[in-house]
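Reminder, nothing fancy here: chain letters follow the sequence lines and each chain counts from 1. Being a predicted model, the structure only gives us computed values, none of them experimental. Note: hydrogens, waters and symmetry copies are ignored here, and every other heavy atom, side chains too, is used.
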Amino acid sequence: TPSLGRPGEASAAGAITVFAASSLTDAFTKAGAVFEGRVPGADITFNFGSSSTLATQITNGAPADVFASADEPNMQKVVDAELVDGSPSVFAGNHLEIAVAPGNPKRIAALADLARPGIIVILAAPTVPAGRYALESLNKAGVSLSPASQEIDVRAVLNKVALGEADAGIVYVTDVVSAGTRVTGVAIQERYQVIGRYPIAVTRSATKPTLAHAFVDYLLSSDGQQLLAGFGFSRP
Amino acid sequence: MLHAEVGLQLGTLALDATLDAKAGEIVVLLGPNGAGKTTLLRAIAGLTPLARGEVTLDGAVLDDVARGVHVPAERRPIGVVFQEYLLFPHQTVAENVGFGLRARGVDRVHARARALEWLDRFELAAYADARPRSLSGGQAQRVALARALAYTPRLLLLDEPLAALDASARGEVRRDLKRHLASFDGIRVLITHDPLEAIALADRLVILEEGRVVQTGTPSDVTQRPRTRYVADLVGVNLFRGRAKAGLISLESGSTLQSAEELDGDVFALIHPRAVALHRHRPEGSPRNVWRGRTRSLDLQGDRVRVAVDGELAIVAEVTPAAIRDLALAQGGEVWVSVKATEISVYHA
Amino acid sequence: MLHAEVGLQLGTLALDATLDAKAGEIVVLLGPNGAGKTTLLRAIAGLTPLARGEVTLDGAVLDDVARGVHVPAERRPIGVVFQEYLLFPHQTVAENVGFGLRARGVDRVHARARALEWLDRFELAAYADARPRSLSGGQAQRVALARALAYTPRLLLLDEPLAALDASARGEVRRDLKRHLASFDGIRVLITHDPLEAIALADRLVILEEGRVVQTGTPSDVTQRPRTRYVADLVGVNLFRGRAKAGLISLESGSTLQSAEELDGDVFALIHPRAVALHRHRPEGSPRNVWRGRTRSLDLQGDRVRVAVDGELAIVAEVTPAAIRDLALAQGGEVWVSVKATEISVYHA
Amino acid sequence: MTPERPPLPVIIAAAVAIAFFLIPIAGLIARAPWATAVEELTRPEALAALRVSFVVSVASTILAVFFGVPLAWLYARVAFPGRDVVRALTTLPMILPPVVGGVALLFAFGRAGLIGPVLDGLFGIRLSFTTLAAVLAAFFVSAPFLVLTVEAGLRSMDRRFEEAARTLGAGRWLVFRDVTLPLIGPSLFAGAVLAWARGLGEFGATITFAGNLPGVTQTLPLAVLVALESRPEVALMLSLLLLAISAVVLVALRDRYLRLA
Amino acid sequence: MTPERPPLPVIIAAAVAIAFFLIPIAGLIARAPWATAVEELTRPEALAALRVSFVVSVASTILAVFFGVPLAWLYARVAFPGRDVVRALTTLPMILPPVVGGVALLFAFGRAGLIGPVLDGLFGIRLSFTTLAAVLAAFFVSAPFLVLTVEAGLRSMDRRFEEAARTLGAGRWLVFRDVTLPLIGPSLFAGAVLAWARGLGEFGATITFAGNLPGVTQTLPLAVLVALESRPEVALMLSLLLLAISAVVLVALRDRYLRLA
Ligand SMILES: Nc1ncnc2c1ncn2[C@@H]1O[C@H](COP(=O)(O)OP(=O)(O)OP(=O)(O)O)[C@@H](O)[C@H]1O
Ligand SMILES: Nc1ncnc2c1ncn2[C@@H]1O[C@H](COP(=O)(O)OP(=O)(O)OP(=O)(O)O)[C@@H](O)[C@H]1O
Ligand SMILES: [Mg+2]
Ligand SMILES: [Mg+2]
């Protein structure tokens with residue numbers, strides 16, 4: 001059972017809006033459904049978008065109860081604007097993986113293979129977390145390459161690989177999981193890994209802070225963590 | 001040589017007309033509003049497709065529906081002056097006039113020079129660089145005329161080219177037009193509404209009514225022997241149709257006219273308004289045709305007055321203003337009409 | 001009562017004209033192309049702003065530049081028939097004619113009924129539901145006329161309302177127009193290019209040249225005492241300007257004319273073409289004015305011929321076709337001209 | 001008029017253009033998961049997005065007509081000082097990347113924006129994250145298309161018809177309704193279609209200014225984007241739905257458009 | 001023509017519209033980090049994005065004119081069977097969410113697409129991740145705007161002027177160049193501006209079809225998007241640059257446009 005953290009189950013009833021990073025779409029949709037099932041009267045609406053858009057919206061007064069960001073800098077903007085109730089907690093991590101065409105026709109086994117001539121590699125732009133992490137990871141591995149494109153988000157990297165436009169791209173494990181059979185994931189060695197951290201917080205302007213905290217608590221609970229793991233997220 | 005047999009249907013108009021014109025000839029097309037004159041012109045110019053018939057110009061087949069021949073408008077050596085002018089609003093007057101030359105490959109400088117000559121001739125030089133929008137109606141029409149004349153087509157089609165010209169300019173432009181038309185051996189087909197103009201300009205008149213040619217001939221042929229009420233009105237004469245037997249003409253209305261001419265069968269009887277005498281009382285003496293009527297209208301025309309009289313026979317008389325005074329004629333007043341038998345000319349219908 | 005004093009500059013035109021018209025009066029505006037007739041009409045209608053002057057109609061001030069008054073076009077009780085028709089292309093003919101009524105709040109059904117009556121009167125009933133695009137030029141003009149007549153404005157401005165009508169329809173429409181115009185006490189100002197028409201319709205003529213009124217008066221005033229070459233051409237008479245002293249008129253060209261009238265000072269000398277005699281040889285006898293010339297052109301006009309003769313004095317003579325034959329006249333041929341002193345009418349310039 | 005025989009270069013250019021537009025659409029159709037189509041498209045989220053899209057695109061088109069036509073009229077007819085600059089500025093939303101447009105709208109009408117607090121204080125209107133916000137976002141990016149098209153129409157029409165109407169006693173409004181509007185019909189129609197289309201496809205400004213709330217501000221394009229994250233086939237299906245709707249509307253409206261022209 | 005006094009409702013509607021468009025832009029300007037403006041805008045990436053945007057938007061506008069005008073002509077003038085459906089289909093790229101448009105382009109012209117392999121095999125043309133791909137993406141989303149506007153212009157022009165030109169000896173091409181084009185000038189100009197603007201602001205289809213490679217396919221809107229993720233102030237600055245360029249172009253072109261009208 002979820003720990004509601006605040007006394008009085010009745011106060012948990014109501015509607016809250018959760019602003020969450022796009023990469024959490026599948027996991028949070030599921031988590032929301034489970035949570036609603038456990039807390040009678042709870043109604044969660046999600047507003048998925050890129051973390052930076054969500055941060056901008058919240059700092060401009062958007063009616064968010066909970067904010068789940070895909071990286072810490074965007075959460076920090078909201079914290080700096082003094083819009084967070086308490087302090088954010090990191091509730092999930094995300095590993096990197098190399099996405100290749102189904103069946104890995106180019107036989108890519110490691111980061112070093114990406115530098116092979118004739119292999120079209122794309123990364124996320126260095127301004128988005130996945131792109132930054134990918135560069136760090138390549139650095140650690142001592143691989144230097146010039147990507148054919150610096151995609152605006154990691155989802156675009158995945159789609160180009162899935163459509164055969166690129167031979168390989170560095171994405172999150174969760175992306176490979178949600179892509180199903182459209183791509184194959186090639187693991188990156190532990191020592192070259194860079195892990196993305198997902199912070200979550202309840203906002204100051206939350207209309208139902210009790211319920212909001214309850215949802216955050218649920219995600220941090222072992223049930224929540226197990227559910228997230230099912231979508232490829234690692235424990236923080 | 002232009003030979004045009006045009007059959008087509010457009011809205012309510014069923015056009016079925018043949019038009020022939022010889023080199024050097026000026027043919028004037030006359031007809032009431034909506035008779036199909038403009039449509040016939042458009043068909044000859046290649047702008048309105050024929051349903052039946054053919055058009056040949058100087059031996060070249062421009063249209064032949066049966067054989068599927070259709071030469072597009074731009075490859076016909078035909079110039080057209082449109083009733084609505086259709087000057088290009090985005091070009092200057094000089095560019096408009098030079099357009100036909102430019103289209104035929106004349107370079108900009110020469111085209112402009114030639115255009116200016118033409119504008120000069122039409123006293124429009126001051127407007128060379130103006131936009132058509134700023135021209136008066138008559139100026140616009142003169143530009144349209146210059147534009148169609150500026151290159152030398154072999155057939156010129158003019159749709160009321162003088163209608164918007166003021167009377168003083170008209171005489172001059174008409175003389176200019178006549179002079180220019182005379183200076184090349186092309187064929188000219190002209191629409192005008194002004195019978196005086198038609199008679200002054202035409203070598204041959206073609207009368208179109210309801211899409212059909214009802215009469216054709218030299219101006220004097222047509223004016224002396226009109227064959228429809230429209231032509232008679234145009235010429236300003238009284239025309240009656242009837243059956244003649246030994247000088248007595250039985251009209252369709254049931255009345256009779258006594259003529260001096262001996263011509264039997266279906267005839268037209270023509271009476272010039274000048275030959276119609278009006279009297280306050282029943283006239284004595286020789287006139288064979290006398291009847292009573294009521295004046296419908298009085299029309300001053302130059303120095304004469306035309307009096308329309310209703311009665312057994314509706315007829316128009318032409319008298320002097322003095323006669324009006326003497327007769328104390330007024331609209332709706334009673335009057336006696338007499339026509340001498342010798343003043344009625346009769347010809348076969 | 002219309003009183004319009006209009007001063008404005010438009011392109012090359014400097015308009016500075018005064019126009020007055022009384023209730024019940026038909027004023028005809030005559031002038032060469034580009035004289036500013038249309039512009040004057042537009043100014044009165046409220047479509048072209050004045051730079052100076054004022055317009056009042058039946059005591060109501062419509063424009064007064066000095067006092068800053070300007071009544072917008074739609075609030076002037078003025079109907080306009082435009083030279084270019086301007087029928088609304090997206091409405092049917094009946095809708096066009098009913099437009100003025102609708103704009104005045106008449107409901108659709110009644111507006112249509114009244115429009116149909118009007119179309120009937122103009123023999124256009126068959127086209128009630130057609131689009132203006134499918135009308136012939138003359139039909140379009142008649143619709144425009146019907147549209148301006150269909151509601152009853154107090155002032156009607158007609159810009160060449162009969163120009164595109166064929167001669168046969170013109171007579172009838174003119175009569176219709178006259179009849180209708182007579183049936184209400186409004187003021188009518190009409191532009192026409194046809195001097196015959198002008199004389200037939202006008203109660204008063206106003207002659208506009210280069211933006212200025214050069215003459216005004218009843219048709220007979222104007223035709224008998226033209227004051228500019230344009231009017232003289234229009235009326236078809238010869239006009240000369242000079243200085244008279246004891247019957248001898250010294251013209252600007254240096255020639256002289258002998259007249260029977262005793263009038264001294266700056267004068268106009270008017271000679272009717274009928275009074276100009278032509279001769280193959282120098283004529284003997286009484287005529288005081290005799291000179292030699294060369295025929296410039298021959299113009300058939302109805303049953304007479306107008307002969308333009310160049311020479312010491314350029315003059316136009318009117319003779320019969322028979323005379324042409326007798327004199328063996330041809331273009332460019334030599335001829336003697338004589339005018340009797342009693343045939344020259346003289347009046348103050 | 002002679003029916004036109006099109007010249008060859010025109011045919012070739014037009015054919016290349018048609019092919020270029022049709023092949024990608026054919027590609028979309030070919031790759032769509034038709035087997036599960038009905039099931040996917042009748043899911044409540046899809047239907048909700050469809051409803052929101054309909055409301056938003058129609059409302060923003062109506063706004064575009066009501067505000068855009070006067071604006072176009074002003075630009076075409078009234079030479080007020082600074083007109084060219086104002087016109088250029090009001091044309092900019094077309095060029096602004098929509099996400100930036102959304103940010104700009106937040107700056108202006110957001111709860112913490114320039115006049116958002118004023119609206120809230122005076123009228124109690126809070127825009128952000130409401131359907132109205134989505135409508136305004138669509139209006140912001142799409143209205144300039146209508147304005148530009150209608151202005152072009154007004155500039156090329158023959159104004160003498162308006163003068164004729166005025167002499168017949170029609171006041172400004174009647175002239176405008178019965179003469180001007182019908183005469184610029186094709187342009188107004190084209191402008192409205194452009195604006196509607198742009199509004200229907202709008203996404204960047206909407207997600208930023210109005211958020212992505214299912215049933216409230218989640219339009220079809222937003223639903224497509226969300227689906228694209230995890231289930232691209234569904235996204236394709238939704239896109240095809242969007243296309244089908246637009247195609248039907250465009251073909252249906254055509255009749256009316258042709259009658260006007 | 002009488003100078004028009006605008007009626008009050010028009011003024012009010014237009015003023016509301018102008019305010020609605022200007023306030024967000026004012027908001028952008030207010031929040032932009034002017035202190036570092038020069039430095040930010042002269043960074044090589046910014047300049048490269050500017051260059052790519054210029055090339056891509058101009059090239060796609062030229063393509064749009066060259067292919068769009070014939071297409072519009074065909075639609076307005078030739079009644080071929082299925083015209084309405086073809087027209088509706090070629091109008092769809094306007095409505096398609098741009099990202100989906102990009103996906104469709106990939107399906108068609110991508111390495112694994114319908115005719116991408118054909119182009120590669122026959123001509124050695126590979127589009128992906130090239131500037132040409134960015135041009136085609138912009139063309140795909142923007143050309144329909146030109147087509148619709150020009151078609152409206154063609155439909156409302158008076159065709160009798162073309163007939164007059166033909167009787168003066170002008171063949172199809174001359175008639176088209178010297179009569180038709182000048183007469184539809186305002187519409188063509190409006191259409192080209194619309195297409196250019198749409199192309200300049202385009203990013204969804206571009207990023208999907210052409211990718212985001214600085215100096216090659218990264219246009220200003222993409223640079224804005226990328227910057228928005230980490231340094232929103234820079235994104236604002238870049239957006240304002242985009243706006244400034246467009247504003248200057250729009251005001252400058254205006255002269256020519258007005259002369260045509
Ligand atoms: N495109 C069209 N559609 C339908 N009807 C048409 C069309 N063009 C012409 N007509 C009809 O054909 C008839 C003849 O028109 P046309 O213009 O040839 O007459 P017209 O003899 O030139 O008359 P006018 O002297 O008045 O100019 C008119 O009654 C008109 O309604
Ligand atoms: N908008 C304008 N811009 C420039 N010039 C103009 C404008 N309107 C009229 N004009 C000039 O004013 C002059 C008079 O034009 P207007 O139309 O009044 O003449 P009009 O007397 O009606 O001639 P017509 O009998 O040929 O119709 C013309 O020379 C014309 O060039
Ligand atoms: Mg005609
Ligand atoms: Mg005029």
Side chain, backbone, both or neither: which part of F203(E) has an atom under 4.5 Å from a heavy atom of chain A?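 Looking at F203(E), nothing touches chain A.
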Begin from the C-alpha positions of F91(A) and F28(A) and carry the test ring-ring contact (aromatic ring centres under 6.0 Å, His included) through to its verdict. CA-CA 12 Å; F91(A) 69 97; F28(A) 270 32; 5.7 Å; yes
What residue in G113(E), G102(E), G110(E) has the most heavy-atom pairs under 4.5 Å with chain A? G110(E)
Could you tell me if the side chain of L238(E) sits less than 4.5 Å from the side chain of L242(E), heavy atoms only? no
Please examine the side chains of L138(A) and L111(A), heavy atoms only from C-beta on, and report whether any two atoms are closer than 4.5 Å.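 They are in side-chain contact.
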Check the pair N104(A), T184(A) against side-chain hydrogen bond (donor to acceptor under 3.5 Å, both in side chains), reporting the backbone distance first and the verdict last. CA-CA 6 Å; N104(A) 195 358; T184(A) 294; over 6 Å; no
What's the separation between atom CG in L114(A) and atom CD1 in I98(A), rounded to the nearest 0.5 Å?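 Atom-to-atom, L114(A):CG and I98(A):CD1 are 4.5 Å apart.
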Kindly compute the distance separating CD1 (I188(A)) from CD1 (I170(A)), expressed to the nearest 0.5 Å. 5.0 Å
Candidate polar pairs, chain A side and chain E side, donor-acceptor under 3.5 Å:
from    : atom 1 : to      : atom 2 : distance (Å)
S50(A)  : OG     : E229(E) : OE2    : 3.2
S52(A)  : OG     : E229(E) : OE1    : 3.2
S52(A)  : OG     : E229(E) : OE2    : 3.1
T127(A) : OG1    : V226(E) : O      : 2.9
S149(A) : OG     : N212(E) : N      : 2.6
Q150(A) : N      : N212(E) : O      : 2.8
Q150(A) : O      : N212(E) : ND2    : 2.5
K160(A) : NZ     : I207(E) : O      : 2.7
K160(A) : NZ     : T208(E) : O      : 2.9
G164(A) : O      : R111(E) : NE     : 3.1
G164(A) : O      : R111(E) : NH2    : 3.0
E165(A) : OE1    : R111(E) : N      : 3.0
E165(A) : OE2    : R111(E) : N      : 3.3
E165(A) : OE2    : S128(E) : OG     : 2.3
D167(A) : OD1    : R111(E) : NH2    : 2.8

State which residues pass ring-ring contact (aromatic ring centres under 6.0 Å, His included) with F21(E); sequence neighbours excluded, sorted by chain then number.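 With neighbours one apart ignored, the set is F139(D), F140(D).
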Side chain, backbone, both or neither: which part of P147(A) has a non-hydrogen atom closer than 4.5 Å to chain E? backbone
Side chain, backbone, both or neither: which part of A156(A) has a heavy atom under 4.5 Å from chain E? neither
Start with the C-alpha distance between F48(A) and F46(A), add both sets of side-chain angles, then the distance that settles ring-ring contact (aromatic ring centres under 6.0 Å, His included), and finish with yes or no. CA-CA 6 Å; F48(A) 294 112; F46(A) 290 105; 5.3 Å; yes
